[in-house]
There are 2 protein chains.
Amino acid sequence: MKHSLETYKFFFGALANPNRLQIINILRQGKKNVGEICVVTGFEQTMVSHNLKVLEYHGMVFMEKDGKYRYYAVNKKTIKPLLEFIDAHMEEYCCKLLEEQHERKK
Amino acid sequence: MKHSLETYKFFFGALANPNRLQIINILRQGKKNVGEICVVTGFEQTMVSHNLKVLEYHGMVFMEKDGKYRYYAVNKKTIKPLLEFIDAHMEEYCCKLLEEQHERKK
DNA sequence: TCATTACATGACACAAATATCATGTGTTAT
DNA sequence: ATAACACATGATATTTGTGTCATGTAATGA
């Protein structure tokens, strides 16, 4: 642990939100501007902007301006292996139980 | 993403807490029972138990009973590479800015 | 058997995070 | 110049997460 506990907290906190995770997941298919993300997700523009800011702050997405549009791209170098790693962890240690419980809540 | 957004949310949420991170960090030195964790951290027993439960639920620590004691061990196979990976990410994408800002809050 | 120790669990008040609402800024088009 | 569009930012109410308090359970020892 090279950093402060608070720093790790904020890093993981940035990923501990289903809407941000959905945005990340959508951006994995390729860069999109804010409006496009809204259309695909059905989220409001302000919410998307707020959440993109959090993700950008933690280096999980990158922004690129193009006229009045702002294109966001996921940090594949981090996100891809991170998600794969966690999938592997879940396969081994977490359980169907977990998935089932969350499904039942809906 | 093989699992639901909620599942990832809870996984990352389990790590998005400085007290749990401190417990994890302490357990990296070796397994400890609840009382020992309390002494080292200065945390209350109930808080430690609650947080250990969250960590155990997500496969980040393992429990082993020994009489009236319960020894907890960190899941090194997951935690060690995960933290190393995130350290590397922060080195590259996140910044001193981040650390500084959090320091200033104190 | 009955304390005592070690830890877990449930309920709840407080603190933090979140989405939404209102508004602001920069860019393009007319 | 100004209207329309794309997006960001600030404030706030509400949800969610957290630690603490009170209590419960299992194991050990006297």
Side-chain angles (χ1 to χ4, degrees), chain A residues 4-24 26-27 31-58 60-73 98 101-102 105-106, chain B residues 4-24 26-27 31-58 60-73 98 101-102 105-106:
Chain A
S4 75
L5 297 175
E6 286 292 315
T7 300
Y8 292 99
K9 175 207 151 177
F10 283 115
F11 178 88
F12 289 118
L15 293 167
N17 175 296
N19 295 338
R20 281 196 288 272
L21 287 165
Q22 189 173 343
I23 291 171
I24 285 175
I26 281 162
L27 291 180
K31 60 175 67 172
K32 284 190 169 48
N33 64 47
V34 178
E36 290 170 337
I37 295 171
C38 290
V39 170
V40 176
T41 58
F43 294 159
E44 285 196 11
Q45 179 261 313
T46 53
M47 193 201 88
V48 172
S49 287
H50 276 301
N51 283 324
L52 283 171
K53 191 179 183 183
V54 175
L55 294 173
E56 190 187 13
Y57 185 74
H58 289 279
M60 293 162 192
V61 303
F62 305 124
M63 195 264 285
E64 188 186 325
K65 296 180 90 167
D66 182 14
K68 59 181 176 178
Y69 300 97
R70 295 193 180 195
Y71 283 86
Y72 285 88
L98 213 125
Q101 280 181 240
H102 297 155
K105 283 188 182 175
K106 293 171 189 172
Chain B
S4 75
L5 298 176
E6 286 292 314
T7 300
Y8 292 99
K9 175 208 151 174
F10 284 115
F11 178 88
F12 288 117
L15 293 168
N17 177 296
N19 295 338
R20 282 196 288 273
L21 287 166
Q22 189 173 343
I23 291 171
I24 285 176
I26 282 162
L27 291 180
K31 60 175 66 173
K32 284 191 169 48
N33 64 47
V34 179
E36 291 171 337
I37 296 171
C38 291
V39 170
V40 176
T41 58
F43 295 159
E44 284 196 11
Q45 178 263 312
T46 52
M47 193 201 88
V48 173
S49 287
H50 277 302
N51 283 323
L52 282 170
K53 191 179 183 183
V54 174
L55 293 174
E56 189 187 14
Y57 185 75
H58 290 280
M60 293 163 193
V61 303
F62 306 125
M63 195 265 284
E64 187 187 325
K65 295 179 91 167
D66 181 14
K68 59 181 175 178
Y69 299 97
R70 296 195 179 193
Y71 282 85
Y72 285 88
L98 213 125
Q101 280 182 242
H102 298 152
K105 283 187 181 175
K106 292 172 189 172

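In what follows, every chain begins at residue 1, and chains take the letters A, B, ... in the order their sequences are listed.
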Spacing of Phe43(B) atom CZ relative to dT18(D) atom C1', expressed in whole Å
12 Å
Rounded to whole Å, how long is the line connecting atom NZ of Lys32(A) with atom P of dA6(D)?
17 Å
Once rounded to the nearest 0.5 Å, what's the spacing between atom CD1 of Ile23(B) and atom CZ of Phe43(B)?
6.0 Å
Tell me every residue that passes side-chain contact (heavy atoms from CB on, under 4.5 Å) with Lys32(B), counting only those two or more places apart in sequence or in another chain.
Ile26(B), Leu27(B), Gln29(B), Glu36(B), Ile37(B), Val40(B)
What's the shortest heavy-atom distance between Val61(A) and Leu52(A), and which atoms?
CG2-O, 4.0 Å
In whole angstroms, the gap separating P of dC7(C) from CD of Glu36(B) amounts to 8 Å
Rounded to the nearest 0.5 Å, the CG atom of Asn17(B) sits from the CG atom of Leu5(A) at a distance of 9.5 Å
Whole angstrom is fine here: how far is it from CG in Leu52(A) over to P in dT9(D)?
11 Å
So, is Lys53(B) near the phosphate of dT9(C), with a side-chain N or O under 4.0 Å from OP1 or OP2?
yes
Under 4.0 Å protein heavy-atom contact, by nucleotide of nucleotides 17-30 of chain C - B base, S sugar-phosphate only
SSSBBB----SS--
Atom OH of Tyr69(B) to atom C1' of dT25(D): distance rounded to whole Å?
17 Å
Gap between atoms CZ and C1', on Phe12(A) and dT18(D) respectively (whole Å):
19 Å
Per-helix bend value, the helix from dT1(C)-dA30(D) to dT30(C)-dA1(D), C1' rotation axes over five pairs per end, 10° rounding, shows 10°
Ala16(A): partners by side-chain contact (heavy atoms from CB on, under 4.5 Å), with sequence neighbours left out
Phe12(B)
Report, one line per pair, each donor and acceptor closer than 3.5 Å where one atom sits in a side chain of residues 62-71 of chain A; sequence neighbours left out.
residue	atom	partner	partner atom	Å
Glu64(A)	OE1	Lys31(A)	NZ	2.6
Tyr71(A)	OH	Asn33(A)	ND2	3.3

Which of parallel (below 30°), tilted (30 to 60°) and perpendicular (above 60°) describes His58(B) and Phe10(B)?
parallel
Round to the nearest Å and state the distance from Glu64(A) atom CD to dA8(D) atom P.
14 Å
Ignoring hydrogens and angles, tell me if any N or O in the side chain of Arg20(A) forms a donor-acceptor pair with the backbone of Ala14(A) under 3.5 Å.
yes
Using a heavy-atom cut-off of 4.0 Å across all strands, would you classify Tyr72(B) as base, sugar-phosphate, or nothing?
sugar-phosphate
Keeping to residues at least two apart or across chains, list the salt bridge (Lys or Arg N to Asp or Glu O under 4.0 Å) pairs with something in residues 44-57 of chain A.
none
